[in-house]
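Here's the structure, in structure tokens; my notes come after.
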Amino acid sequence: MKMISRRDFLKASAVVGATAAMTACGGSSSTSTAASSVAASSAAASSAAATNGSANIGVCIYQFADNFMTLYRSDLEEYLKDMGYSVTIMDGKNDQNTQTEQINTFLQQGVDVLVINPVQTTSAQTIVDTVKPSETPIVFINREPDKSVLDSYADKCCYVGADARQSGTYQGELILETETQGDINGDGKITYIMCKGDPENIDAQYRTEYSIKALTDAGKEVECLYEYLDNWDQTTAQQDVANALSQYGDKIEVVFCNNDAMALGALQSIQQANRTVGKDIYLVGVDALAEAVQDVLDGNMTGTVLNDDVGQATAAAEATKLYVEGSKVEQYYWVDYVKVTKDNASEYVK
Ligand code: BGC
């Protein structure tokens, strides 16, 4: 009998589930005062698009060369196309100026909805100010802008994401659930290094903070040897962890990584230094990338946290659809993280 992976199962059921969940929050069409003729004509265009099931969607991804966003992007493209939309996806190449030009081009082409994964969340307000005159709705994804940014374009702008505090807490819990509760050498404290993602990204900030908070909330003493700025990147983390292992040696009991790409880099260096995860060091990441889930199953990683690309892409596609149809859209759509350990990892094989 062929085993269906949890990801395939989620993919198969996601669109149906999210439709039900989101129509429950939406329903009535948005009320806007003083509708200008531009608004009226774009509303007419939107409802025409909704009737014939077609609309043009412009998607801006901060960088194609990002493992997690690659999964997310292909899910999103699939769901939007399944809805009958024509989809164009641009690679911001991790450069805000490049992305801003792409947004301007989409506006000139008159896309119906923009889905934006900003390069810099600090530029989200400028993005909104640029888009606002055209009244094109924006679905921000993955990199959470300030609430004030969403408020400044109320009814035309929302955020779809996951609460990164939850992923950080789960990482700390994964360490507390180990045999030594993170204190391998039994000296009464958990000594760790942290590999961090892009410092202006709230996911990186919260995961760094809440993974450690889970330990201290449980009454544990902690010592941070170093926090490395690895920008979500495997190779950078690999080099930094190699240096850390030669500098701090056995003192390092836990390697926290804000994402799995960096955890995979860390693992290469851990193995090269002849250290053994689960025995003399612990390693946790976030995302549940295929390779990382396999490493959890094989005991090469202590655990990871599912960053649900399927759930988030589904919600983003559904929010897009609500905008196309002129229905009410909530300001936030949150998708849960899930803790992945050796016990349940087989459910998350992709
Ligand atoms: C993911 C990272 C990814 C980042 C991109 C995070 O939610 O965990 O793997 O690099 O999003 O913004």
Side-chain angles (χ1 to χ4, degrees), residues 7 59-76 89-96 98-99 115-124 127 139-145 159-171 174 194-211 228-238 256-267 283-293 295-296 301 303-313 315-316 332-340 348 350:
R7 186 165 193 273
V59 181
C60 295
I61 299 296
Y62 96 94
Q63 166 164 247
F64 279 8
D66 176 297
N67 315 41
F68 174 71
M69 288 314 300
T70 299
L71 287 175
Y72 195 140
R73 155 166 70 96
S74 68
D75 297 336
L76 184 61
I89 309 188
M90 301 304 291
D91 180 0
K93 303 199 166 121
N94 207 16
D95 180 71
Q96 189 56 60
T98 302
Q99 185 175 69
V115 180
I116 302 180
N117 168 214
V119 175
Q120 287 170 350
T121 29
T122 46
S123 298
I127 293 173
V139 179
F140 280 112
I141 58 166
N142 172 256
R143 297 180 153 196
E144 187 187 343
Y159 176 69
V160 175
D163 181 353
R165 284 172 287 209
Q166 189 185 37
S167 54
T169 303
Y170 284 166
Q171 286 190 297
L174 285 166
M194 180 78 66
C195 297
K196 302 203 294 184
D198 168 10
E200 80 142 48
N201 187 316
I202 196 88
D203 286 7
Q205 293 163 18
Y206 278 156
R207 288 173 193 166
T208 300
E209 183 185 344
Y210 280 76
S211 54
Y228 297 93
L229 276 184
D230 292 329
N231 284 314
W232 307 118
D233 183 61
Q234 177 162 352
T235 312
T236 317
Q238 183 190 350
F256 283 103
C257 297
N258 285 171
N259 77 351
D260 278 347
M262 296 188 290
L264 293 171
L267 178 60
L283 172 65
V284 286
V286 175
D287 282 340
L289 295 180
E291 240 185 293
V293 171
D295 281 322
V296 173
M301 274 178 66
T304 184
V305 179
L306 173 73
N307 192 0
D308 185 357
D309 54 290
V310 173
Q312 291 173 68
Y332 288 99
Y333 294 97
W334 296 111
V335 176
D336 271 334
Y337 286 100
V338 185
K339 227 188 288 181
V340 180
Y348 297 94
K350 294 176 183 174

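Quick note: residue numbers are just sequence positions, from 1. One-based numbering, in listed order, for ligands and for the atoms of each.
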Checklist entry - Centre of Phe256's six-membered ring, under 6.0 Å away, within 45 degrees of the axis: is that where NZ or CZ of Arg207 sits? => result no
Next on the checklist: Tell me whether Asp91 is salt-bridged to Lys93, with the criterion being a basic N under 4.0 Å from an acidic carboxylate O.
Outcome noted: no
Just list the N/O pairs, ligand 1 to protein, that are under 3.5 Å apart, with the distance for each.
{"residue": "ligand 1", "atom": "7 (O)", "partner": "Asn142", "partner atom": "ND2", "Å": "3.3"}
{"residue": "ligand 1", "atom": "7 (O)", "partner": "Asp203", "partner atom": "OD2", "Å": "2.7"}
{"residue": "ligand 1", "atom": "7 (O)", "partner": "Arg207", "partner atom": "NH2", "Å": "3.3"}
{"residue": "ligand 1", "atom": "7 (O)", "partner": "Asn307", "partner atom": "ND2", "Å": "3.1"}
{"residue": "ligand 1", "atom": "8 (O)", "partner": "Arg207", "partner atom": "NH1", "Å": "2.8"}
{"residue": "ligand 1", "atom": "8 (O)", "partner": "Arg207", "partner atom": "NH2", "Å": "3.4"}
{"residue": "ligand 1", "atom": "8 (O)", "partner": "Asp287", "partner atom": "OD1", "Å": "2.7"}
{"residue": "ligand 1", "atom": "8 (O)", "partner": "Asp287", "partner atom": "OD2", "Å": "3.4"}
{"residue": "ligand 1", "atom": "8 (O)", "partner": "Asn307", "partner atom": "ND2", "Å": "3.3"}
{"residue": "ligand 1", "atom": "9 (O)", "partner": "Asn259", "partner atom": "ND2", "Å": "2.9"}
{"residue": "ligand 1", "atom": "9 (O)", "partner": "Asp287", "partner atom": "OD2", "Å": "2.5"}
{"residue": "ligand 1", "atom": "10 (O)", "partner": "Asp66", "partner atom": "OD1", "Å": "3.4"}
{"residue": "ligand 1", "atom": "10 (O)", "partner": "Asp66", "partner atom": "OD2", "Å": "2.6"}
{"residue": "ligand 1", "atom": "11 (O)", "partner": "Asn142", "partner atom": "ND2", "Å": "3.0"}
{"residue": "ligand 1", "atom": "12 (O)", "partner": "Asn142", "partner atom": "OD1", "Å": "2.6"}
{"residue": "ligand 1", "atom": "12 (O)", "partner": "Arg143", "partner atom": "NE", "Å": "2.8"}
{"residue": "ligand 1", "atom": "12 (O)", "partner": "Arg143", "partner atom": "NH2", "Å": "3.3"}

Next on the checklist: Counting only heavy atoms from other residues, nucleotides and ligands, does the tally under 6.0 Å from CD of Glu291 exceed 12?
Outcome noted: no
Checklist entry - Do you know the tightest heavy-atom contact between Asn258 and Gly197? => result OD1-N, 2.9 Å
Next on the checklist: My understanding is that only residues two or more places apart in sequence, or in another chain, count here; which of them pass side chain to side chain donor-acceptor pair (under 3.5 Å) with Glu209?
Outcome noted: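 Checked Glu209 against side chain to side chain donor-acceptor pair (under 3.5 Å); zero matches.
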Checklist entry - Does the ring center of Tyr159 lie less than 6.0 Å from the ring center of Trp334? => result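 Yes, the ring centres sit under 6.0 Å apart.
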